[in-house]
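Counting starts at 1 for both ligands and their atoms, following the listed order. Keep in mind that what you see is a predicted model, and the values were worked out from it rather than measured. Basis for what follows: all heavy atoms, side chains included, without hydrogens, waters or symmetry-related copies.
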Amino acid sequence: MKNIIVLVSGGGTNLQALIDAERSGAIKNGRITCVISSKPDVYALERAKQNNIPTRVIPRKSYSDSVSYSRAVLAALDEEKADLVVLAGFMTILDECVTSKYAYKIINVHPALIPSFCGEGYYGLKVHEAALAYGVKVSGATIHFVNEKADAGAIILQGTVAVERDDTPETLQRRIMENVEWKLLPKAVSLFCEDRIEIRDGKAYVK
Ligand code: GAR
């Protein structure tokens, strides 16, 4: 059974999808053993507590830079004996000290079709604002491994939705979450826990 550590910064609807998937048996060979938040008082922590999942808060604001923050996260991941780290709406970029030690063991959900609308500065609603401003006709979400560059690790799964004429960033975000993120993130987590993701030439393939 693999230890899954989920990192959050906000409302935690993706965390909820993972909790629901674990409860229903859709995540095979893995269990969420800790939720770590970069912010105190976010609703994601409440979701974890309601489901008796241990929580930790490592506030980003308490650290002067990304390296010292990442060292604190790394220490927590080691203490928790993490087999898999899931960034579920985690709004802080982790330094190489974490991404190299946990290479191909950190999964992120990004709310766009990478390589579009991704990288530093593209997070949350900003991603959907950019997609609408560009006028794309489809968007979606990407589940990928995390490496030292923002949103640049190997892609595991992607899914699409149509962009509607009268979409706002909020309506597009909701459609992508409901139709793609909440389904594909638990799926990718289960594939990982079942050892069904193969890496070849830096790319991820489902076995
Ligand atoms: C989700 O849409 C997730 O894809 C996005 O933030 C939202 C978090 O919602 N993540 C990023 O933008 C990371 N770059 P949640 O807290 O309800 O899961």
Side-chain angles (χ1 to χ4, degrees), residues 4-22 27 32 34-51 53 55 57-60 66 69-70 73 85-95 98-99 106-134 136 138-161 163 167-189:
I4 304 166
I5 312 297
V6 184
L7 272 55
V8 297
S9 305
T13 63
N14 278 289
L15 168 66
Q16 189 66 55
L18 291 169
I19 293 170
D20 294 345
E22 186 189 329
I27 294 179
I32 304 167
C34 184
V35 170
I36 301 176
S37 176
S38 64
K39 288 183 190 163
D41 306 324
V42 292
Y43 192 63
L45 287 168
E46 191 55 39
R47 295 180 193 271
K49 284 174 193 153
Q50 280 167 8
N51 288 278
I53 300 168
T55 59
V57 179
I58 309 178
R60 177 64 184 86
S66 161
Y69 183 72
S70 298
V73 172
V85 182
V86 181
L87 310 187
F90 186 65
M91 299 305 184
T92 295
I93 293 176
L94 290 169
D95 178 74
V98 180
T99 57
I106 309 175
I107 288 176
N108 180 47
V109 52
H110 182 74
L113 295 169
I114 291 176
S116 290
F117 313 117
C118 64
E120 227 163 305
Y122 286 100
Y123 57 87
L125 279 175
K126 287 178 195 284
V127 177
H128 307 296
E129 282 162 13
L132 292 176
Y134 202 95
V136 293
V138 289
S139 190
T142 303
I143 317 298
H144 65 95
F145 283 114
V146 173
N147 65 10
E148 69 288 352
K149 283 201 209 134
D151 299 326
I155 292 171
I156 304 166
L157 298 171
Q158 288 185 303
T160 61
V161 303
V163 177
D167 261 332
T168 63
E170 289 79 7
T171 60
L172 181 57
Q173 178 185 55
R174 182 78 192 177
R175 189 175 313 114
I176 291 172
M177 282 177 153
E178 279 178 358
N179 292 283
V180 188
E181 297 185 39
W182 300 342
K183 292 178 180 162
L184 293 194
L185 184 61
K187 186 173 175 184
V189 165

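- Within 6.0 Å of CD on E170 lie more than 12 heavy atoms contributed by other residues, nucleotides or ligands.
- Closest of all the heavy-atom pairs between L172 and A131 is CD2-CB, 4.4 Å.
- Counting only distance, with no hydrogens or angles, the side chain of T142 and the backbone of I114 share a donor-acceptor pair below 3.5 Å.
- H128 and P111 make their closest contact through CE1-O, 3.3 Å (heavy atoms, listed as atom of the first residue, atom of the second, distance).
- Between F90 and Y69, the two ring planes are parallel [angle under 30°; tilted spans 30° to 60°].
- The residues lining ligand 1, counting any heavy atom closer than 4.0 Å, are G11, G12, T13, N14, G89, M91, V109, H110, P111, Y122, Y123, G124, M177, E181.
- More than 12 heavy atoms of other residues, nucleotides or ligands lie within 6.0 Å of CZ in F117, so this atom counts as buried by the packing criterion.
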